[in-house]
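Here's the structure, in structure tokens; my notes come after.
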Number of protein chains: 4
Amino acid sequence: MNKVFLIGRLTRDPELKFTPGTGNAVATFSLAVDRNYVGQSGQREADFINIVCWRKLAEHVANNLGKGRLVAVAGRIETRSYQAQDGSKRYVTEVVADEVKFLDWPKEGSSSYRGGATIPEDSREQESGFFEVDGDDDIPF
Amino acid sequence: MNKVFLIGRLTRDPELKFTPGTGNAVATFSLAVDRNYVGQSGQREADFINIVCWRKLAEHVANNLGKGRLVAVAGRIETRSYQAQDGSKRYVTEVVADEVKFLDWPKEGSSSYRGGATIPEDSREQESGFFEVDGDDDIPF
Amino acid sequence: MNKVFLIGRLTRDPELKFTPGTGNAVATFSLAVDRNYVGQSGQREADFINIVCWRKLAEHVANNLGKGRLVAVAGRIETRSYQAQDGSKRYVTEVVADEVKFLDWPKEGSSSYRGGATIPEDSREQESGFFEVDGDDDIPF
Amino acid sequence: MNKVFLIGRLTRDPELKFTPGTGNAVATFSLAVDRNYVGQSGQREADFINIVCWRKLAEHVANNLGKGRLVAVAGRIETRSYQAQDGSKRYVTEVVADEVKFLDWPKEGSSSYRGGATIPEDSREQESGFFEVDGDDDIPF
DNA sequence: TTTT
DNA sequence: TTTT
């Protein structure tokens with residue numbers, strides 16, 4: 001069992017890439033999740049958690065979310081390692097999203113305002129504010 | 001909101017430390033959480049997640065858990081940064097545990113067998129296999 | 001372990017009561033939680049889940065939430081039984097909330113608009129949109 | 001969002017049925033989930049939560065679980081209503097399971113001991129102690 | 001590298 | 001109708 005539930009705001013617009021081999025869509029963004037307790041004397045009061053979305057969910061998120069937007073994320077923690085420039089091994093912990101629920105709507109003119117004056121292209125999910133993914137995964141990159 | 005639920009096995013015995021200032025107990029260990037899906041061609045099939053416990057929960061875990069033990073952890077994701085040896089900034093993601101539930105009992109003779117032939121010292125929690133923490137936090141170190 | 005995480009809208013204003021003996025505050029409301037999948041042929045597409053809040057959280061919720069408001073609830077499932085009018089035993093399943101996070105703000109004039117033109121009385125929690133409870137419980141009634 | 005995570009013991013063997021129309025398998029059982037806090041003076045100290053499993057998960061559970069077994073359940077809360085004998089409307093709250101993880105193994109001779117001296121029939125899932133369902137649902141009955 |  |  002490996003379950004995560006988060007509510008927070010995107011710290012920047014999602015980044016969309018495609019896997020070299022299969023061309024699968026992957027979107028990544030960082031979520032600022034407020035802490036409950038007040039940090040003593042100007043301390044940090046949020047956690048910044050890296051979120052990864054695959055395939056349809058990746059495209060949905062990249063097309064419809066932007067910096068500052070409030071979302072709920074359900075998913076799981078994944079860890080992976082990679083070779084750093086200096087040859088040392090580095091470890092990364094991310095949350096792979098199964099579901100992303102949009103909890104607010106962007107103000108026109110903000111960087112997170114996507115689409116024109118009308119309904120966004122993939123509108124079916126937009127309407128419900130919900131989007132689920134098939135759970136299939138891909139080779140990490 | 002920042003909620004995590006994990007079930008997995010300790011990859012090593014917990015490490016117990018105390019904060020320099022206040023002397024609060026902190027226990028850390030790594031949890032191997034099996035992935036559901038089969039990795040293609042000999043890939044990794046578990047995530048290794050760093051767990052942090054504070055105060056009473058830290059002592060309970062350090063006194064009663066060992067490598068290989070199966071536990072359920074409820075808590076939240078925290079991120080922090082630190083200065084690496086070479087001066088660069090590194091980022092760490094951990095799960096701070098609110099609850100740890102013991103799901104098996106160690107076989108005598110194994111490295112995770114703690115305590116003698118009788119009931120462990122802090123037996124009240126042992127009996128129920130459950131231990132909760134007050135949620136208080138401390139200055140990270 | 002008994003953990004629940006919900007996002008939905010109040011189907012009515014919260015109801016505030018006090019326990020006969022100790023006078024502890026209890027607020028109850030029903031949450032409409034949208035289902036992901038489309039029900040075939042006009043079926044129900046939401047679950048209606050009864051939420052119970054105790055003490056400070058109860059008062060906070062009763063003072064600041066109303067019908068139609070969107071919230072996230074973290075808590076646990078509790079079951080209890082009671083004697084029905086006809087003498088038969090009935091069973092009830094509820095979610096006892098540990099945390100309630102407000103995810104939208106009421107439009108002025110709506111039934112869920114509480115407080116005047118200014119900041120509500122218990123404003124400290126309002127500001128963060130978050131409120132946590134001490135976890136203490138009470139004799140059910 | 002509607003997420004539930006439970007750890008508890010079956011209060012009886014699972015009951016397996018099939019939907020009238022499509023013949024889909026449904027297994028139901030009740031889970032005793034220990035409460036953290038000590039009930040004052042002989043009070044109840046567990047919640048009894050009804051679990052529903054569909055299709056492959058239903059068959060897996062019915063074939064391999066029995067009274068007293070310890071499991072972790074991940075799923076969602078569902079509510080439904082039905083007509084009682086006396087014509088009145090009754091409401092039911094259940095947890096529909098997405099995943100059931102087996103956390104112990106039955107002692108031979110107990111009512112929960114299923115299968116012979118060897119590996120159970122659907123052994124692939126048994127080995128990992130894990131079984132996931134496709135999430136498809138069915139007309140409630 | 002951090003959001004309201 | 002409730003489990004260890």
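The structure presented is a predicted model; accordingly, all values stated were derived computationally and were not measured. Every chain is numbered from 1, with letters handed out A, B, ... down the list of sequences.
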> Does a side-chain heavy-atom distance below 4.5 Å link B/Glu78 with A/Arg35?
Replying inline: yes
> Taking side chain as C-beta onward, heavy atoms only, is A/Asp13 less than 4.5 Å from A/Phe29?
Replying inline: no
To the nearest Å, give me how far apart [atom1] ([X]) and [atom2] ([N]) are.
| X | N | atom1 | atom2 | value |
| --- | --- | --- | --- | --- |
| A/Asp104 | E/dT4 | CG | P | 10 Å |
| A/Glu94 | E/dT1 | CD | C1' | 15 Å |
| A/Ile51 | E/dT2 | CD1 | C1' | 13 Å |
| D/Ile7 | F/dT4 | CD1 | P | 17 Å |
| A/Leu65 | E/dT2 | CG | C1' | 16 Å |
| D/Ile49 | F/dT1 | CD1 | P | 18 Å |

[options]: which one has an atom nearest the side-chain heavy atoms of [X]?
| X | options | value |
| --- | --- | --- |
| A/Ser30 | E/dT2, F/dT3, E/dT3 | E/dT2 |
| A/Lys67 | E/dT3, F/dT2, E/dT2 | E/dT3 |
| D/Phe48 | F/dT1, F/dT3, E/dT4 | F/dT3 |
| A/Arg9 | E/dT2, E/dT4, F/dT1 | E/dT4 |
| D/Glu45 | F/dT3, E/dT3, E/dT2 | F/dT3 |
| C/Lys89 | E/dT2, E/dT3, F/dT1 | F/dT1 |

> Taking only residues two or more places apart in sequence or in another chain, which ones pass ring-ring contact (aromatic ring centres under 6.0 Å, His included) with B/Phe5?
Replying inline: A/Phe5, D/Phe5
> With D/Ser30, which residues qualify under side chain to side chain contact (heavy atoms under 4.5 Å, CB included), at least two apart?
Replying inline: D/Thr11, D/Arg12, D/Phe48, D/Asn50
